[in-house]
Asker: 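Shown below is the structure under consideration.
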Amino acid sequence: MRYSQLLIPTAKEMPAEAEVISHQLLLRAGFIRKLTSGLYTYLPLGTAALRKVENIVREEMNRAGAQEILMPMVQPADLWEESGRWQKYGPELLRFKDRHQRDCCLGPTHEEVVTDVARREIHSYRQLPVNLYQIQTKFRDEIRPRFGLMRGREFLMKDAYSFDASDEAAEESYRKMREAYIRIFTRCGLEFRAVEADSGSIGGSFSHEFMVLAKTGEDTLVICQSCDYAANLEKAKAAMPVKPESSEAVQDCVKVATPGMKKVDKVAEFLGLSTQQVIKTMIYLADSELVAVLVRGDREVQPVKLKNLLNVTDVELADDDTVWQKSKLPVGYIGPVGLPIRFVADQEVMLMVNAAAGANEKGHHLTGVNPNRDFTPAMVGDLRQVTADDCCPLCGAALRLTEGIEVGHIFKLGTKYSEAMKATFQDADGQEKTMIMGCYGIGVSRVVAAAIEQNHDQNGMIFPLPLAPVQVIVLNLDLKNEAITAAAEQLHQELEAAGLEVLYDDRDERPGSKFKDADLLGIPYRVTVGKGVEKDGTVELRARCSGETVMLPLAEAAREITAKIKAELTAG
RNA sequence: CGGGGCGUAGCGCAGCCUGGUUAGCGCGCCUGCCUUGGGAGCAGGAGGUCGCAGGUUCGAAUCCUGCCGCCCCGACCA
């Protein structure tokens, strides 16, 4: 490919609209252009990088026995009515009517459509298991698109759906996908972790997220320093609390005046206690019902855990006015003793002895509060957010918190959709049974962004070889010099003939620009054809990632470079 | 949707507070010369509804009102 004939609009300056590095570099290097918020055009190099990821994903999905299909982007509302998601799915489902006034939506995911395929086409256990996947543009009308390709409204996704005859078989399908995902992200040259995750709105019994470790990640991961426990912060378990051996006599519950003491630390200080001895009572709106949540004073509530414990679709911290209007409770002085609204407690709270808590009366708290004697929560569970000070729930070692970018998510769905949509089959025993499903997603376009987040320097991107839009760039440093140009043209041809992806910089630019652009584009190998050709018949090969350079005789350059790249790809 | 910021040439910005002929600068782009191992130099040139609409004024990029768009922080998620 001749650089002079390709649309690669690089820029010297950082685009002002981009905040994170992948977005900045994708724009600067001419990989993408914004149409409007959350919608991007992929220019030639961006498209090439996207295809690289896509092909790796396709190869590994096929290897794992999945079959590629392609489903429509426009979907009829009736299917969504059947699954119940027409009502449940929020405004990120883009809905519209066709010319016949029929309700439609743009597919944000394809459980409904694929389940419809399965129920129509699969009737016997002999046809199972089946794993169908597609690589397709998804549309989600995100509340806030951001960070370029990281969270667009339209994005390229690989989504796969497995159908099995039994739970065991479904778990086997899940395991296969987990392995395929590990292979995919390893091949992409990414540093990643598979972590336990919340299954979110897609629903289902268990799931893992694949997270690329990068500072700009939108998620927080909890990783054990010693064993392989890793979880999303939303899901991370704290090590089970141990009941402290306390010789302390159980005190009576006493009301004390704590004027103006609304915050836990103030209350604790005033009463001469540590924050650990105070019960913090947070009021949430759970599907518009007020629910109080008790955690130890030094802890924070993890909303997703709360949502799951309460089995509601939405929880939100209630503001003071709402609390007052709905319950006449004074925020800052609320506590579990005699609390008129439903309340739940973090498991740790139940081990507290002689705690302090709000008295449900402005300006007053109670001391000597003891669980079970003075209050009984409607439910008890793990509700608090894990911190870096916690210990691993499996092995007790120290935990580390780190940021990550979610690039893949696998779920065991169970029968959530197959039951609602009656996807059944006849089993060997003649019984009609419901298919067990799993679903498996990869944000293909997000992988490109994540790879850049993880691999860049001050000069630009540094693509891992398998993801690079082209593998090698040949720089012709002096177009007017016949010897140099002849050598560069020859090298370009030889490398392409050898099956490499080559970009030949034949632009009438000065060397400086060519070096800068080659770095910016992040092409793994750069061959400079310049004065060396005339001096001693050599060209320079430089690796983008290490900066390492070697001089190669022109005659052997193509062969050596080809061998090096092929070897590296095979090793990876 | 709540909070913050921004819209002036393809890109990055100044001018606006304190209204006043022809709206500037750098990069990029076009022509020519020159130059060729880390975004050179010289000369000439093209390119603007100052986001949109309305208002105030003799006069608006500048002041006022409304709208639109974009970016960032929160809830959502591949």
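Numbered from 1 within each chain, the chains take letters A, B, ... in sequence-line order. Just so it is clear, the values below take in all heavy atoms, side chains as well, and ignore hydrogens, waters and symmetry mates.
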Asker: Measure distances between side-chain N and O atoms of A/K480 and base N and O atoms of B/U36, and say whether any donor-acceptor pair falls under 3.5 Å.
Answerer: yes
Asker: Assign the ring pair A/F411 / A/H409 to parallel, tilted or perpendicular, where the plane angle (0 to 90°) is split at 30° and 60°.
Answerer: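 Taking A/H409 first and then A/F411, their aromatic rings lie parallel (interplane angle under 30°).
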Asker: Can you say whether a donor on the side chain of A/E509 sits under 3.5 Å from an acceptor on the base of B/G39, or the other way round?
Answerer: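 Per atom types, no contact qualifies.
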Asker: Heavy atoms, side chains only, cut-off 4.5 Å: are A/M551 and A/E540 in contact?
Answerer: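 Side chain of A/M551 against side chain of A/E540, heavy atoms only: contact under 4.5 Å found.
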Asker: Within the 4.0 Å heavy-atom criterion, would you say A/R526 contacts the bases, only the backbone, or no part of the nucleic acid?
Answerer: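 Base: the residue A/R526, judged by heavy atoms under 4.0 Å, touches a nucleobase.
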Asker: From the list B/C70, B/C77, B/G37, which nucleotide is the closest neighbour of the side chain of A/D219?
Answerer: B/C77
Asker: Does A/T36 make a side-chain N or O approach to OP1 or OP2 of B/C70 shorter than 4.0 Å?
Answerer: yes
Asker: Less than 4.0 angstrom between a side-chain N/O of A/R144 and OP1 or OP2 of B/C73, yes or no?
Answerer: yes
Asker: To the nearest Å, how far apart are A/D508 CG and B/C34 C1'?
Answerer: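 Going from A/D508 (CG) to B/C34 (C1'), I get 13 Å.
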Asker: Whole angstrom is fine here: how far is it from CD in A/E142 over to C1' in B/C76?
Answerer: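 Spelled out: CD on A/E142 to C1' on B/C76 is 6 Å.
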Asker: In whole Å, I'd like the distance from the CD atom of A/E17 to the P atom of B/C71.
Answerer: 6 Å
Asker: Has the side chain of A/D478 got a donor or acceptor that lies under 3.5 Å from a partner of the other kind on the base of B/G37?
Answerer: no
Asker: Looking at B/G39, B/C77, B/G37, which one has an atom nearest to any side-chain atom of A/R151?
Answerer: B/C77
Asker: OP1 or OP2 of B/G38 less than 4.0 angstrom from a side-chain nitrogen or oxygen of A/K516, does that happen here?
Answerer: no
Asker: Do the side-chain N or O atoms of A/R146 get closer than 4.0 angstrom to the phosphate oxygens (OP1, OP2) of B/G74?
Answerer: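 Answer yes for this pair, as a side-chain N or O of A/R146 is under 4.0 Å from OP1 or OP2.
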Asker: If you compare every side-chain N and O of A/R140 against the phosphate oxygens of B/C77 (OP1, OP2), does one of them come in below 4.0 Å?
Answerer: no
Asker: Strictly below 4.0 Å: does A/T109 bring a side-chain N or O up to OP1 or OP2 of B/A78?
Answerer: no
Asker: Please determine whether a side-chain nitrogen or oxygen atom of A/K12 lies at a distance below 4.0 Å from atom OP1 or OP2 of B/G28.
Answerer: yes
Asker: Show the atom names and distances, to 0.1 Å, of all donor-acceptor pairs under 3.5 Å that link a side chain in residues 437-448 of chain A to residues at least two apart or in another chain.
Answerer:
unit_1	atom_1	unit_2	atom_2	d
A/Y440	OH	A/S162	OG	2.7
A/S445	OG	A/L156	N	3.0
A/R446	NE	A/M150	O	2.8
A/R446	NH1	A/E406	O	2.7
A/R446	NH2	A/M150	O	3.1

Asker: For A/I184 and B/A78, give me the distance from atom CD1 to atom P, rounded to whole Å.
Answerer: 16 Å
Asker: Is A/F155 stacked on the base of B/A78, with ring centres under 5.5 Å apart and planes under 30° apart?
Answerer: yes
